[in-house]
Amino acid sequence: MGRVWAAAFLMRRLRSERGVLVLLVLLVAMTSLIVAAAPRLYNSVADAGLRHVLDETSAPSRNIALTRDLEAAPSSLTPDALQAQGADLVAPFDPAIKAVVRSQEVLVASARFHVNPGPKYDTFVTLRSQTGLDRETELVAGRWPARVIEQPASETPPVIEIAISTTTAEESGLAVGQLLEATPDSTDPLAPIRGGEVAAQLAIVGMFAIRDAAADIWYADNRLEHVGLAFTLNEATAFATALVAPEVVPDLAALGLGVHIEWRLFLDPARMDAGAIDALLPALQRLESQFGRQSVRATDAVLLRTDLARVLIRYGAQRSASDAVLTVAAIGPLALAAAAIGMLAILLGTRRRASTALARARGASTGILLLSQTWEGAVFIGAAALAGYGLAVGLVPGRASLTSAILSGGIALGGIAIFVAAVLPALRRPLELSARDVTPPARLAPRRFVLEATAVGVSVAGIVLLQQRGLTIDPNGGGLVHVDPFLAAVPVLAGAAVGIVTTRLYPIPVRFLGWLAAHARGIVPVLALRHVARRPSFAALPILVLLATAAFSSFALLVMTSLDRGQVEASWRAVGADYRIKAPEGRSLNDIDPTTVGGVEAVAGAYELPSAQMRLELGRVVRVDFVAIDAPGYAAVAGAPVAPSWPAELLDGRVAAGTPEDPIPAILSSSLPAGVEPIKVGERVKVRLGDNFWSFRIAAIRPEFPGVVEAPPFLITPIQSVRPLSTSVTTNRMWVRGTAAAGPEIADLVTRDGPPSTELLSRDAWYVQLRGEPLIQVIADGFRLAFALAAGYAAISIIVALTLTAARRSEDLAFLRTLGLSPRQSAGIVVVEHGVPILLSLLPGLATGVAVALLLESTLGLDAFLGGSTRYRVVLDWGGVASVAALLVAVVAVAIGVSTWLARRVSLSEALRVGEA
Amino acid sequence: MTTTSPGVAPDTGTAAGPVIECDGLVKIFKVADLEVVALQGLDLIVDRGEFVAIVGASGSGKSTLLSILGGMDVPSAGRVVVDGHLVAEMDAAERTGYRRSVLGFVWQQTARNLLPYLSARENIELPMLLEGVPRKRRRARSAELLELISLNDRADHRPGMLSGGEQQRVAIAVALANSPAVLLADEPTGELDTTTAHEVFELLRDVNRRLGVTILVVTHDPLVSDQVSRTIAIRDGRTSTETLRRRALTAAGDHHVIAEEYAVLDRVGRLQLPRAQIDALGLHRRVRLVLEPDHIEIWPDGGEQPDDGNGPGPAGDPSAAEPAPDRGPT
């Protein structure tokens, strides 16, 4: 107990030593706030990322549906019975799934009926009853359908009232008031094969408009709004869907036809967060094993229709990749924060050296002094870390994270350990030396050499391992990767290793500079450089800090720049030009002329036929993405990063006949479906256009053709030769080169003149959308923040390190001033002594960062943040690296200025009495 | 050599057996690639209750001796016993306790004796706190010591608010806090003016007289060394001479101080002759010793041999010397 009181007594030193301690406390609090806030902010980002992924996913994929096709008894199809069946099916669901379900609706669809008359086309109608449409539809004509109570005579088919959408009416020619004879379509599995007798009469009693076709309730199914049209050479067939009253559903069963029932569970993304995935994903996977998947129609079985588990796994993989990269970004500033805290602790320990020696001389044991230091550390640093954590919890939005508490706790414990360690040199220093105020001679102890060599070896090993294994490990092979913290620290370790080597080698150029200075006039460089050359440990700390900062900063800059360039390249790959217009299947863009829009510089058109039949020389038929393109036009609109090169014969404008004697030149993908023998240049293939096969000669083979086709297998050929071959060949793709200002007008043009559902994609919008994805944006933001924090912590570390060295030097400089050195010359010596070694370390630091970025190019997993198939490549932004260098030089200049100012506050007489006072 | 002076009577102390015994102390420092032999077999005996001054030129080894006695350094060879503690054989923890309870230390620099963030009273209480003395006793003892040094009214002042002399007095009180057997002082008056130095020294004498604390003072100040009962001179890492002072009455009944300088004889019989005497007689390399019934004579090499009753002949003329009678070993 006496020891405790003695230790507490010694803490009365806080009466007079407050400044540095306050700085240390503030630094620890700020660091704790940052490390506690980061996981919470990242959770917000992760949750936003999850919601973004879900928003981008179609409704059928992100929700859960249970389907059943059956021939059921009418009594089991009443609205209440259907609700009850749905509730029974959902009851055993895992609570994790139930917790995110917002609502449940039921859809019942009948077999398809062929109706007569079909006003415009040969028309088939499917009858549908769907709950939850009250707010999504608006009656515009007639009334909502109801169950006909009084049916006509028994030999007459029953009347079923239906309502259709305005678009269906417009597209099909159906109208309110019509009475249609409905015959079951025997090609529909729900309709048993029977004779062509009329099963019912469909009375169109109402017409409705759909308020929001993109609403979740429609489940990405626009059949209730639009008519599906199928065209052949001679005819067109329309497939429409009409609404019936829920009470009519048993009547459909009474017709002896099957029904398709779908219980749809709509999940609420707002109830889902990234933290809930750990419980939700296994529950979904259990659900999938419980029900069969709706891939093959199976009568009477309840099947599951959802892709949510795969969506969550994909999201999880992206999130893990983001975690890994951000860990790399976070370790740099964390290491520099530890350095800054360590520097302040050393400064405080140095200032307390005399009183520590006196306490030892008075009989205070090492244990008491350590206890006092630990106690002080626990009270102040522990409280500061706790305050930082509390501020983060109170002020920073975001889901709580255990990582916040762990990191803040780590800062507290680490800070206390550093604080206690800072007093150890004073405790280990021989008392008799303290009494005589002699500094023990500095030697390179073997132990220290071994430690440094080990540190260098460890970082080299880390680089090799990282190159071989990559940043992440996937222990379960399911795509959910974990970051290896050691490997994530490799960039910082590399900087530290190079720093250690630099501190050993930098006296060589300094000696040379000193030799040069000795031949020139001026005493300042001579005195300064000789001092540095003969006492290399003088500038070791600032060199280590600056070099690590330069390494991390240049690495971070290159990653940010390369990511951005990669995303720009990805946007060119995805869109192919400034704008891309894509008609829906079966439609053409012949009525659209973008050249009429101001700001449009060039336009190229193409005809794309997905899954075209391509017959090989040996007779095998494969499916390819067939694109007939205005090649010279596309060469004019394409962008530099991914501009493809064209074989000359595709650009010469010659019209080939497409016959075996005059085949059309084409570019084939190198990747073909499995089992297909590779095709060489010069070989011929045939592609079906319309009803005929036409001949093409392979002029070039490419692995990809970004901007034109998304993925192999593909066949690209000039449109001028293909257009005459079939009337079905029309322009259904366009690429436009134009300014950003032309975008709105192009959009208006497409809406006005293009067929419905025409897609307009802007490269800028694609790029912005990609970067706007939360888990991608956080990478750039994270590196930017890490860069700023690293610079800030480095500035603090360097200022403190220079203050420490300036304090030791002040006696020497004061002595020189008594010999006649002017204050300006004295300041000049400080600038040269610190500036030269630090600047000599800047170049190795920047080079290390660049080298690490290049070495780790393929292992950081940054491909995941570029979109599409774009590979991440390091772009050497020398201008940016130079900016980093300039910024760090500015930081060093400020640090030297501050430390010089602090040193000059000590008067000559005080400086000369250092060691006596 | 004997000198006589009137005036301040030196302390005779209370001799009660040796409290400090140094036997053949050797200390070698290694600085860079150089070895410096600071102590070369120093012998020293200080009796309990003595007030001793250690004098010597710069580099003679007196600060090294103080460091060793103070438990802050370990001798390279030799034996050191302080108040029954074998200092050279202590480990670090034992030396810490030794510094706490057996010794008191006062340094020359006034600012180095006191922790700047503690008041005078708190500085005095610190060694007792480290020793585990209960609070009540600490308070009482610190009050007692503050009374001794006449600084009751400055008890709560921090060192920055005290004068140099006051700081040294507080330093003495700090050194006495745990009632040490020995108080070591390294130039305690070195930074003080004459008047203040005198006050501080008087305090030390008072402490020695009233509390019986053995005091060892390293000093350059002849005013200090002249006022102690015993002054030990160190030269070249060994004790060379001692000057003992005693009070005597003149025929007229006045008190005067008699100072007698002795050459120190170590346990193997070596002694160092005072430099002045060596130079005066031109002694170098070797001397002849002549044993008389009650003394030993030291003759320069080559000087006239003494005869019976005629006294020594002139030195330095070997041709004039007659062979000396064989009177014993040389």
Side-chain angles (χ1 to χ4, degrees), chain A residues 1-19 21 348 351-372 376 427-444 534-535 910 913-917, chain B residues 27 29-33 38 63-64 66-68 70-74 92-105 107-119 122-135 138 158-160 171 174-175 177-178 180 186 191:
Chain A
M1 197 61 189
R3 286 182 163 218
V4 172
W5 282 118
F9 196 82
L10 288 171
M11 278 179 61
R12 294 183 190 196
R13 60 181 165 239
L14 294 169
R15 286 174 184 166
S16 57
E17 304 163 355
R18 279 190 281 264
L21 186 63
L348 195 57
R351 294 201 173 178
R352 290 180 178 178
R353 191 182 296 164
S355 57
T356 303
L358 177 55
R360 287 176 67 202
R362 293 293 180 212
S365 65
T366 303
I368 287 174
L369 291 167
L370 281 175
L371 181 62
S372 172
E376 185 180 350
L427 294 181
R428 292 172 58 186
R429 187 178 153 116
L431 257 183
E432 52 88 15
L433 284 180
S434 301
R436 291 190 286 133
D437 205 38
V438 170
T439 304
R443 286 184 288 272
L444 175 57
R534 289 172 188 174
R535 289 188 64 190
E910 285 175 34
R913 286 173 68 88
V914 168
E916 294 180 9
Chain B
K27 177 64 185 179
F29 289 108
K30 192 161 173 156
V31 181
D33 293 324
S63 294
T64 305
L66 223 58
S67 290
I68 292 172
M72 291 183 290
D73 200 358
V74 180
E94 287 166 341
R95 280 204 299 279
T96 300
Y98 165 76
R99 285 195 297 275
R100 203 157 55 219
S101 57
V102 178
L103 281 187
F105 216 113
W107 278 279
Q108 173 183 355
Q109 296 93 355
T110 52
R112 283 187 59 191
N113 283 304
L114 306 172
L115 289 170
Y117 48 85
L118 297 179
S119 66
E122 288 166 345
N123 267 288
I124 295 170
E125 287 186 11
L126 177 61
M128 290 184 272
L129 180 64
L130 292 170
E131 186 66 1
V133 173
R135 190 165 181 267
R138 288 204 310 266
R158 289 201 219 157
V174 172
N178 283 328
D186 187 2
E191 285 190 353

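Naming: A, B, ... by sequence-line order, numbering from 1 per chain. These numbers come from the heavy atoms of this one structure, side chains and all, not from hydrogens, waters or symmetry mates. This is a predicted model, so every value here is computed, not measured.
In terms of heavy-atom proximity, A:G363 sits nearest to B:L130 at C-CD1, 3.8 Å. The two residues A:R360 and B:R99 have their closest heavy-atom pair at O-NE, 3.2 Å.
To the nearest 0.5 Å, atom CG of residue A:L358 and atom CG of residue B:L118 are 9.5 Å apart. Taking CG from B:L103 and CZ from A:R362, the interatomic distance works out to 11.0 Å, rounded to the nearest 0.5 Å. Between B:L129 atom CG and A:I368 atom CD1 the span is 7.5 Å, to the nearest 0.5 Å.
Only the side chain of B:R158 comes within contact range of chain A, with heavy atoms under 4.5 Å apart. When heavy atoms are compared at a cutoff of 4.5 Å, B:E122 approaches chain A by way of both its backbone and its side chain.
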